[in-house]
Number of protein chains: 2
Amino acid sequence: MNLSLQIKMNEKLFLRNPEETDLGRQIILNSIVLIHKVGFELFTFKKLAEKIGTTEAGIYRYFENKHRLLVYIVSWYWSWLEYKVMVHTNNISSPEIKLKKIIEILATQVKDDVQTKHVDEQLLHEIVRMEGAKAYLTRHVTDDNKQRLFKPYKDLCTAIAVIILECNPKYKFPRSLSSTIIEMAHYQNFFMRNLPALTDFGGIKDDRKVIAFLEDLVFASLFPAKRK
Amino acid sequence: MNLSLQIKMNEKLFLRNPEETDLGRQIILNSIVLIHKVGFELFTFKKLAEKIGTTEAGIYRYFENKHRLLVYIVSWYWSWLEYKVMVHTNNISSPEIKLKKIIEILATQVKDDVQTKHVDEQLLHEIVRMEGAKAYLTRHVTDDNKQRLFKPYKDLCTAIAVIILECNPKYKFPRSLSSTIIEMAHYQNFFMRNLPALTDFGGIKDDRKVIAFLEDLVFASLFPAKRK
DNA sequence: TTTATGTGATAGTAATACTATCAAAAAAAA
DNA sequence: TTTTTTTTGATAGTATTACTATCACATAAA
C-alpha cells in the first residue's frame, strides 16, 4: 500500500494551485529549502526562480507575494501537524497520555516524513519555529483571518483544547492554554538555541527539556492544588 | 521635583545617540508613531524622514537600518518596563503579590507615562505586542545577541525569575516560566484582539481576562498539587 | 485539429534600502 | 571673537525588490 498524504489548502492562499503542476511543486519544495537557508526577510521570488530554473513571473502566477507563500507553507505545516497528532493519539484512551504525546510531537525535532514527496517536514518545522509568527504578526491579520487563512492553526488549537477539557472539564482556559503550548513549544526551543538566558536549559539543547517544562506547566494547570 | 527618566541604551544599537540631539529625539518619537500606524513592514526611513521634515540620509546617520531602530525602541520598552516593575514592587514584601503585580503590569494597556517626553509608552506597548518578536526572529539573532542587544529583555526575564524562585525555591523552570509569562502577556492579548479563536476571551477584549489566565497558569505551576 | 493551458523569455516601473558628496548652519574650542 | 568641529539639509546615484505586462512556444485537452 502506497498512501500519499494530500492536504487540501485554502484556495485564497494561491493564484494557481501549486500541488497540481510540476512547477508548482518545485516552488513549494524549493521555497522551503530557500527560506530555511536565508530566512524570510532575505528570501525573494527572484532567488527562488533562479534556484528552480524558472523566472520571477513564473512564480507570481502561483503566489501573489512572498507573504502568501509563507502563510501557505506554514498552514500546510499546521494541517500536517494536526493530522500527525490525530494519527498518534486516536488509539490512546487516556486524555492525559494523549496530551503528553501531543506535547512531545509539538516540541520534538521532526524527522523527515516519507509520506509527502514535495515537502521536507524537518526543514519546515525549523522554518515555522523561526518564521511562523510572521504569518499573522501583520497589519492585515484581520483581513487574512476573514479569508480563513489561519484555519489550520485554529483547528489544531481547537483539537488540543478538546483534549485539555477531557482531562479537566472544569478548566477555564482550554484555548489559551492550547495556544500557549503550541507557541511555547516553538519559542522555548528557539530561545534554548538562540537566547538561552531566557530558558533554564543552558547549553544543553535537548528537546526533552522543553517537553518537561511544558508538561509541568500543563498538568499543574489542569490538576491544581486547592488554594485559599 | 521634576525627575525625568533616562534610560542608558546599548551603544551598538545606534550610529549616533538619538537621545542627545533634537533630530535624534524626533526620530524616536516619530518612528514610534509611524510604526504604530503602518506596521514595521511598510515602515521606511523615507516616510519617517518626510514626517519629520528631514531627509533619508539624515536618519541613516543615527541608525544603520530599520531593524536596528526597531531593536532600539523595543529594548527601550523592556528597560522602561523593568524600571516600572521595580518601582511598583519594591515596597511589596510578599513575592506572590509581587508576581501578581508584575502580571498585571505586563498584560495591562499602558496609559501614557508623563516621565518621558519623547516616547509615547502606550503606542510603544502596542508596537511591542505586534512587532516585538521581530526584533529577535531573524537569521542574525546570534550576532545581535553577542552584541548584547537583547540584554534589557533578558534582564527583565531574570528579574521575574528571581521573584518566581522567591515564591517557590524548588520550582525547576523559573526562566522559562518567566519568558512564557512575558511572551504570553503580549500574545494572548494579540490573539484576543485579532484571532480570538485562539483564546477563551471571545469578543470581550478585556485585559483582565488575560491576567486571570496568566495568574492561574503561574500559581498552579508554582504551587502544584502532589501527583503520583 | 482546433482550442485552451502552462511556461519561458524579455521588458519595464515604482519603491526600497542604502552610500556618497558638498555646503550651510550651529555649537564648541581656541 | 575667531577658528574649528559637529550636525544638518540638499542632492544625486546605485543595486535590489516587488511587482505587472506582453508575446511566443510547447503541450495537453476538447
Side-chain angles (χ1 to χ4, degrees), chain A residues 9 11-31 34-35 37-73 118 131 134-135 138-140 143-144, chain B residues 9 11-31 34-35 37-73 118 131 134-135 138-140 143-144:
Chain A
M9 301 297 291
E11 304 210 337
K12 298 275 172 58
L13 282 170
F14 48 76
L15 300 172
R16 189 184 307 245
N17 192 338
E19 308 225 27
E20 283 173 3
T21 66
D22 212 57
L23 179 59
R25 287 182 290 268
Q26 286 295 310
I27 290 173
I28 301 305
L29 180 74
N30 287 284
S31 65
L34 192 54
I35 292 175
K37 186 177 167 197
V38 303
F40 185 64
E41 277 72 32
L42 297 183
F43 166 80
T44 66
F45 278 3
K46 183 146 193 228
K47 290 175 191 163
L48 178 59
E50 274 161 25
K51 198 177 171 65
I52 297 176
T54 182
T55 59
E56 238 182 318
I59 294 170
Y60 277 104
R61 288 191 188 110
Y62 284 84
F63 291 97
E64 220 176 308
N65 54 54
K66 71 174 186 169
H67 185 262
R68 282 282 154 129
L69 175 53
L70 177 68
V71 178
Y72 181 95
I73 65 173
H118 63 286
E131 324 283 2
K134 294 170 193 168
T138 68
R139 277 303 138 135
H140 43 89
D143 289 340
D144 289 355
Chain B
M9 301 297 292
E11 305 210 338
K12 297 276 172 58
L13 282 170
F14 49 76
L15 300 172
R16 184 181 310 226
N17 192 340
E19 308 227 25
E20 284 173 3
T21 66
D22 211 58
L23 178 60
R25 287 182 290 267
Q26 285 297 309
I27 290 173
I28 301 304
L29 180 75
N30 287 284
S31 67
L34 192 55
I35 293 175
K37 187 176 166 199
V38 303
F40 185 63
E41 278 72 32
L42 297 183
F43 166 80
T44 67
F45 278 4
K46 185 150 192 219
K47 290 175 191 164
L48 178 59
E50 273 160 27
K51 197 176 171 68
I52 298 177
T54 181
T55 58
E56 237 183 317
I59 295 171
Y60 276 105
R61 288 192 188 108
Y62 284 83
F63 290 97
E64 220 177 308
N65 54 53
K66 71 173 187 169
H67 185 260
R68 281 282 154 128
L69 175 52
L70 178 69
V71 178
Y72 181 96
I73 65 172
H118 62 286
E131 324 285 2
K134 294 170 193 167
T138 67
R139 276 304 138 134
H140 43 89
D143 289 340
D144 290 355

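In what follows, every chain begins at residue 1, and chains take the letters A, B, ... in the order their sequences are listed. Bear in mind that the values here come from a model prediction, so they are computed numbers and not experimental data.
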State whether [X] places a side-chain N or O below 4.0 Å from either non-bridging phosphate oxygen (OP1 or OP2) of [N].
| X | N | answer |
| --- | --- | --- |
| Tyr62(A) | dG6(C) | no |
| Arg16(B) | dT7(D) | yes |
| Thr54(A) | dG8(C) | yes |
| Thr21(B) | dT8(D) | yes |

Roughly how many Å is it from [atom1] in [X] to [atom2] in [N], rounded to a whole number?
| X | N | atom1 | atom2 | value |
| --- | --- | --- | --- | --- |
| Phe43(A) | dA18(D) | CZ | C1' | 12 Å |
| Glu20(B) | dT8(D) | CD | C1' | 16 Å |
| Leu23(A) | dT7(C) | CG | P | 5 Å |
| Lys66(A) | dA15(C) | NZ | P | 19 Å |
| Glu50(B) | dA15(C) | CD | C1' | 12 Å |
| Glu41(B) | dA15(C) | CD | P | 19 Å |
| Tyr60(B) | dT8(D) | OH | P | 17 Å |
| Phe45(B) | dT8(D) | CZ | P | 15 Å |

If you assign Glu56(B) and Glu64(A) each to the DNA chain D nucleotide with the nearest heavy atom, which residue ends up on the more 5' nucleotide?
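Closest to the 5' end, via its nearest nucleotide, is Glu56(B).
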Mark yes or no for whether Arg16(B), through its side chain, and Gly24(B), through its backbone, hold a donor-acceptor pair below 3.5 Å.
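Judged by distance alone, no pair lies under 3.5 Å.
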For the pair Asp144(B) and Arg139(B), evaluate salt bridge (charged side-chain N to carboxylate O under 4.0 Å, His left out) and give the outcome as yes or no after the intermediate values.
CA-CA 10 Å; Asp144(B) 290 355; Arg139(B) 276 304 138 134; over 6 Å; no
Using a heavy-atom cut-off of 4.0 Å across all strands, would you classify Lys46(B) as base, sugar-phosphate, or nothing?
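Here Lys46(B) touches no strand at all.
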Among all residues two or more places apart in sequence or in another chain, which pass the salt bridge (charged side-chain N to carboxylate O under 4.0 Å, His left out) test with Glu64(A)?
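By the salt bridge (charged side-chain N to carboxylate O under 4.0 Å, His left out) rule, Glu64(A) matches no residue at all.
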Among [options], find the nucleotide with the atom closest to the side chain of [X].
| X | options | answer |
| --- | --- | --- |
| Thr44(A) | dT17(D), dA10(D), dT10(C) | dT17(D) |
| Lys47(A) | dC18(C), dT7(C), dT17(D) | dT17(D) |
| Arg61(A) | dA17(C), dT10(C), dG8(C) | dG8(C) |
| Thr55(B) | dT20(D), dT8(D), dT11(D) | dT11(D) |

Assess the side chains of Tyr62(B) and Thr21(B): does a donor N or O sit below 3.5 Å from an acceptor N or O?
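Note: Tyr62(B) and Thr21(B) side chains meet the donor-acceptor criterion.
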Is the Lys NZ or Arg CZ of Lys66(B) less than 6.0 Å from the centre of Phe45(B)'s six-membered ring, within 45° of the axis?
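Ring-cation test returns no.
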